[in-house]
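Below: the structure, in C-alpha coordinates.
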Amino acid sequence: MQMDAQGLKFGKEFDGAFICWLLEHVPEPERVLMEARRVLKPGSSIYITEVMNFSFFLDPYSPNIWKYWMAFNDYQYENAGDPFIGAKLGNLLSKVGFQDIQTKVRTWHYDNRTPEERRTTILFWKDPMLSGSGQLLKENVITEEIVKNCKKEFDRVASDPNAVFYYSFMQAEAKAF
(Lines give C-alpha, C1' and ligand atoms only; values in the text may rest on other atoms or scores of the structure.)
Protein backbone atom coordinates (compact mmCIF):
# COMPACT_ATOMS: atom_id res chain seq x y z
CA MET A 1 0.00 0.00 0.00
CA GLN A 2 1.20 3.49 -0.72
CA MET A 3 0.64 6.20 1.89
CA ASP A 4 2.31 8.97 3.84
CA ALA A 5 4.77 7.49 6.34
CA GLN A 6 3.90 10.34 8.71
CA GLY A 7 0.22 9.38 8.83
CA LEU A 8 -0.29 5.65 8.43
CA LYS A 9 -3.83 4.30 8.22
CA PHE A 10 -3.19 1.36 10.53
CA GLY A 11 -3.66 0.52 14.15
CA LYS A 12 -1.23 -1.34 16.42
CA GLU A 13 -1.04 -4.39 14.16
CA PHE A 14 2.53 -4.99 13.00
CA ASP A 15 5.15 -7.41 14.34
CA GLY A 16 8.06 -5.46 12.90
CA ALA A 17 9.13 -2.54 10.74
CA PHE A 18 12.04 -1.96 8.37
CA ILE A 19 13.20 1.44 7.16
CA CYS A 20 16.09 1.71 4.73
CA TRP A 21 17.65 4.83 3.20
CA LEU A 22 14.43 6.80 3.79
CA LEU A 23 14.86 9.07 6.81
CA GLU A 24 17.62 11.04 5.10
CA HIS A 25 14.95 12.40 2.71
CA VAL A 26 12.29 13.31 5.29
CA PRO A 27 12.07 16.81 6.80
CA GLU A 28 10.77 15.45 10.12
CA PRO A 29 12.13 11.93 10.63
CA GLU A 30 10.77 11.88 14.19
CA ARG A 31 7.23 11.84 12.77
CA VAL A 32 7.99 8.77 10.66
CA LEU A 33 9.50 7.01 13.66
CA MET A 34 6.55 7.97 15.90
CA GLU A 35 4.16 6.49 13.33
CA ALA A 36 6.20 3.31 13.10
CA ARG A 37 6.13 2.99 16.90
CA ARG A 38 2.39 3.69 16.95
CA VAL A 39 1.56 0.82 14.55
CA LEU A 40 3.95 -1.73 16.11
CA LYS A 41 2.63 -4.24 18.63
CA PRO A 42 4.27 -4.02 22.07
CA GLY A 43 7.66 -5.74 22.04
CA SER A 44 7.98 -5.56 18.25
CA SER A 45 11.23 -4.51 16.64
CA ILE A 46 12.11 -1.80 14.18
CA TYR A 47 15.19 -2.14 12.00
CA ILE A 48 16.69 0.88 10.28
CA THR A 49 19.57 1.38 7.86
CA GLU A 50 20.63 4.96 7.18
CA VAL A 51 23.38 7.01 5.61
CA MET A 52 26.44 8.64 7.10
CA ASN A 53 27.58 10.47 3.98
CA PHE A 54 30.49 12.15 5.75
CA SER A 55 32.24 8.76 5.68
CA PHE A 56 32.52 8.49 1.87
CA PHE A 57 36.12 8.14 0.74
CA LEU A 58 37.54 7.34 -2.67
CA ASP A 59 41.19 7.18 -3.64
CA PRO A 60 42.94 8.21 -5.81
CA TYR A 61 41.74 11.73 -5.17
CA SER A 62 39.00 12.72 -7.58
CA PRO A 63 38.27 16.45 -7.31
CA ASN A 64 35.07 16.42 -9.39
CA ILE A 65 33.56 13.52 -7.44
CA TRP A 66 34.43 15.39 -4.26
CA LYS A 67 32.88 18.66 -5.50
CA TYR A 68 29.78 16.81 -6.63
CA TRP A 69 29.43 14.87 -3.35
CA MET A 70 29.77 18.00 -1.21
CA ALA A 71 27.23 19.85 -3.38
CA PHE A 72 24.88 16.86 -3.23
CA ASN A 73 25.03 16.72 0.58
CA ASP A 74 24.74 20.49 0.99
CA TYR A 75 21.71 20.54 -1.31
CA GLN A 76 20.02 17.72 0.60
CA TYR A 77 20.68 19.40 3.94
CA GLU A 78 19.49 22.81 2.72
CA ASN A 79 16.26 21.21 1.47
CA ALA A 80 15.25 19.64 4.80
CA GLY A 81 16.99 16.31 4.33
CA ASP A 82 19.83 14.94 6.43
CA PRO A 83 22.77 13.19 4.74
CA PHE A 84 24.27 12.48 8.17
CA ILE A 85 21.18 11.03 9.90
CA GLY A 86 22.64 7.58 10.46
CA ALA A 87 24.83 8.80 13.31
CA LYS A 88 21.74 10.33 14.95
CA LEU A 89 19.53 7.21 14.96
CA GLY A 90 20.10 6.39 18.63
CA ASN A 91 18.96 9.86 19.71
CA LEU A 92 15.97 9.86 17.35
CA LEU A 93 14.73 6.44 18.44
CA SER A 94 15.08 7.37 22.10
CA LYS A 95 13.32 10.71 21.57
CA VAL A 96 10.19 9.06 20.15
CA GLY A 97 9.97 6.36 22.82
CA PHE A 98 11.68 3.26 21.47
CA GLN A 99 13.59 1.13 23.96
CA ASP A 100 16.44 -1.42 23.91
CA ILE A 101 18.10 0.66 21.19
CA GLN A 102 21.18 -0.79 19.54
CA THR A 103 23.23 0.83 16.80
CA LYS A 104 25.98 -0.67 14.69
CA VAL A 105 28.26 0.95 12.16
CA ARG A 106 28.55 -1.09 9.01
CA THR A 107 31.37 -0.43 6.57
CA TRP A 108 32.16 -1.17 2.97
CA HIS A 109 35.93 -0.99 2.61
CA TYR A 110 37.48 -2.27 -0.58
CA ASP A 111 41.09 -2.00 -1.67
CA ASN A 112 43.57 -4.12 -3.63
CA ARG A 113 42.89 -7.11 -1.37
CA THR A 114 39.45 -7.43 -3.02
CA PRO A 115 39.92 -5.96 -6.51
CA GLU A 116 36.73 -7.28 -8.11
CA GLU A 117 34.48 -6.22 -5.23
CA ARG A 118 36.18 -2.82 -5.24
CA ARG A 119 35.66 -2.31 -8.96
CA THR A 120 32.04 -3.52 -8.83
CA THR A 121 31.24 -1.27 -5.86
CA ILE A 122 32.83 1.83 -7.37
CA LEU A 123 30.98 1.36 -10.66
CA PHE A 124 27.74 0.63 -8.80
CA TRP A 125 28.04 3.87 -6.79
CA LYS A 126 28.46 5.91 -9.94
CA ASP A 127 24.77 5.66 -10.94
CA PRO A 128 23.06 6.23 -7.57
CA MET A 129 25.42 9.08 -6.74
CA LEU A 130 24.86 10.78 -10.07
CA SER A 131 21.10 10.17 -9.97
CA GLY A 132 20.72 13.59 -8.35
CA SER A 133 22.69 15.39 -11.05
CA GLY A 134 19.59 16.45 -13.00
CA GLN A 135 18.16 18.32 -10.02
CA LEU A 136 21.54 19.76 -9.04
CA LEU A 137 22.09 21.00 -12.60
CA LYS A 138 18.57 22.47 -12.75
CA GLU A 139 19.21 24.36 -9.50
CA ASN A 140 22.67 25.51 -10.73
CA VAL A 141 24.37 23.80 -7.80
CA ILE A 142 26.87 22.03 -10.08
CA THR A 143 27.95 22.32 -13.71
CA GLU A 144 27.75 19.93 -16.67
CA GLU A 145 31.55 19.87 -16.63
CA ILE A 146 31.61 18.57 -13.05
CA VAL A 147 29.15 15.79 -13.96
CA LYS A 148 31.11 14.84 -17.10
CA ASN A 149 34.41 14.78 -15.21
CA CYS A 150 32.81 12.96 -12.29
CA LYS A 151 31.83 10.09 -14.62
CA LYS A 152 35.37 9.95 -16.01
CA GLU A 153 36.85 9.92 -12.51
CA PHE A 154 34.60 7.04 -11.43
CA ASP A 155 35.78 4.99 -14.42
CA ARG A 156 39.42 5.93 -13.80
CA VAL A 157 39.29 5.04 -10.11
CA ALA A 158 37.43 1.78 -10.79
CA SER A 159 40.32 0.73 -13.05
CA ASP A 160 43.09 1.84 -10.70
CA PRO A 161 44.88 -1.20 -9.20
CA ASN A 162 45.47 0.67 -5.93
CA ALA A 163 42.09 2.34 -5.54
CA VAL A 164 40.31 2.48 -2.19
CA PHE A 165 36.57 2.69 -1.62
CA TYR A 166 35.20 3.33 1.86
CA TYR A 167 31.70 4.08 3.11
CA SER A 168 30.07 3.53 6.48
CA PHE A 169 26.39 3.50 7.32
CA MET A 170 24.38 2.91 10.47
CA GLN A 171 22.02 0.11 11.31
CA ALA A 172 19.75 0.41 14.31
CA GLU A 173 17.38 -1.95 16.07
CA ALA A 174 14.92 -1.00 18.80
CA LYS A 175 11.76 -2.22 20.52
CA ALA A 176 8.36 -0.58 20.63
CA PHE A 177 6.44 -0.66 23.92
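By convention here, the first residue in the shown sequence is residue 1. Remember, it's a predicted structure, so these values are computed and weren't measured experimentally.
There is a path of hydrophobic side-chain contacts, each under 4.5 Å, that joins W21 to W125. A continuous path of hydrophobic side-chain contacts links L92 to V26 [ILVMFWY only; heavy atoms under 4.5 Å]. Hydrophobic clustering keeps Y47 apart from M52 (ILVMFWY residues linked when any side-chain heavy atoms are closer than 4.5 Å, directly or through intermediates). Both F72 and V141 belong to a common hydrophobic cluster when Ile, Leu, Val, Met, Phe, Trp and Tyr are linked at side-chain heavy-atom distances under 4.5 angstrom. F57 and L130 fall into different hydrophobic clusters, where Ile, Leu, Val, Met, Phe, Trp and Tyr are joined by side-chain heavy atoms under 4.5 Å apart, directly or via other members.
Annotation for S94 and I101: closest pair N-CD1, 3.3 Å, computed over non-hydrogen atoms. Across all their heavy atoms, L8 and E35 have their closest contact at N-OE1, 2.7 Å. Scanning both residues, I122 and A163, for their nearest heavy atoms gives CD1-CB, 4.3 Å. Between V147 and S133, the shortest heavy-atom contact is CG2-CB, 3.9 Å. Listed here is the closest heavy atom pair of Q76 and P83: OE1-CB, 3.3 Å. For F54 against F84, the heavy-atom pair with the smallest separation is CD2-CD2, 3.7 Å.
For K95, the NZ atom sits in a loose shell: 12 or fewer heavy atoms of surrounding residues, nucleotides or ligands are nearer than 6.0 Å. Atom CH2 of W69 sits in a crowded spot, with more than 12 heavy atoms from other residues, nucleotides or ligands closer than 6.0 Å. Environment of NZ in K126: crowded, with over 12 heavy atoms of neighbouring residues, nucleotides or ligands closer than 6.0 Å. For F10, the CZ atom sits in a packed shell: over 12 heavy atoms of surrounding residues, nucleotides or ligands are nearer than 6.0 Å. Heavy-atom contacts from other residues, nucleotides or ligands closer than 6.0 Å to CD of E13 number more than 12.
To the nearest 0.5 Å, the span separating CG on L137 from OG1 on T143 amounts to 7.5 Å. Residue S168 holds its OG atom at 12.0 Å from CZ of F56, rounded to the nearest 0.5 Å. Here the straight-line distance linking atom CZ of F98 with atom CG of L40 works out to 5.5 Å at 0.5 Å rounding. Separation of atoms CG (L136) and NZ (K138) is listed at 11.5 Å; rounding is to 0.5 Å. From F169, atom CZ reaches atom CG of L89 across 12.0 Å, with rounding to the nearest 0.5 Å.
Looking only at side-chain heavy atoms (C-beta outward), K41 and D15 come within less than 4.5 Å of each other. Within the 4.5 Å cutoff, the side chain of D155 has heavy atoms near those of the L123 side chain. With contacts defined as side-chain heavy-atom distances shorter than 4.5 Å, the pair K67/I142 does not qualify. The shortest distance between side-chain heavy atoms of E153 and Y68 does not fall below 4.5 Å. Side-chain contact between L58 and F165 is present, with heavy atoms from C-beta onward closer than 4.5 Å. Within the 4.5 Å cutoff, side-chain heavy atoms of I46 are placed close to those of L33. Side-chain contact between D82 and P29 is absent, with no heavy atoms from C-beta onward closer than 4.5 Å. Within the 4.5 Å cutoff, side-chain heavy atoms of M129 are placed close to those of I65.
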Using residues 170-177 as the side-chain source, report each donor-acceptor pair under 3.5 Å to any protein atom, sequence neighbours left out, with the distance given to one decimal.
| from | atom 1 | to | atom 2 | distance (Å) |
| --- | --- | --- | --- | --- |
| Q171 | OE1 | R106 | NE | 2.9 |
| Q171 | NE2 | T49 | OG1 | 3.2 |
| K175 | NZ | S45 | OG | 2.9 |

Start with the C-alpha distance between E145 and K148, add both sets of side-chain angles, then the distance that settles salt bridge (charged side-chain N to carboxylate O under 4.0 Å, His left out), and finish with yes or no. CA-CA 5 Å; E145 184 177 347; K148 180 182 80 173; 6.0 Å; no
Decide side chain to side chain contact (heavy atoms under 4.5 Å, CB included) for L93 and I48; before the verdict, give the C-alpha distance in whole Å, the side-chain angles of both, and the deciding distance to 0.1 Å. CA-CA 10 Å; L93 288 163; I48 304 171; 3.8 Å; yes
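In terms of modelled atom types and a separation under 3.5 Å, the side chain of E50 and the main chain of L22 share a donor-acceptor contact. Side chain of T114 to main chain of N112: no donor-acceptor pair is present (N/O by atom type, distance under 3.5 Å, no hydrogens or angles). The main-chain N or O of E117 is never found under 3.5 Å from a side-chain atom of T120 such that the two would form a donor-acceptor pair.
Between R119 and E116 there is no salt bridge, since none of the side-chain N atoms of the basic residue sits less than 4.0 Å from a carboxylate O of the acidic one.
The aromatic rings of H109 and Y166 lie perpendicular to each other, with more than 60° between the two planes, well past the 30° mark.
Q6 pairs with exactly one of M34, R31, E30 by the side chain to side chain contact (heavy atoms under 4.5 Å, CB included) rule, that one being R31.
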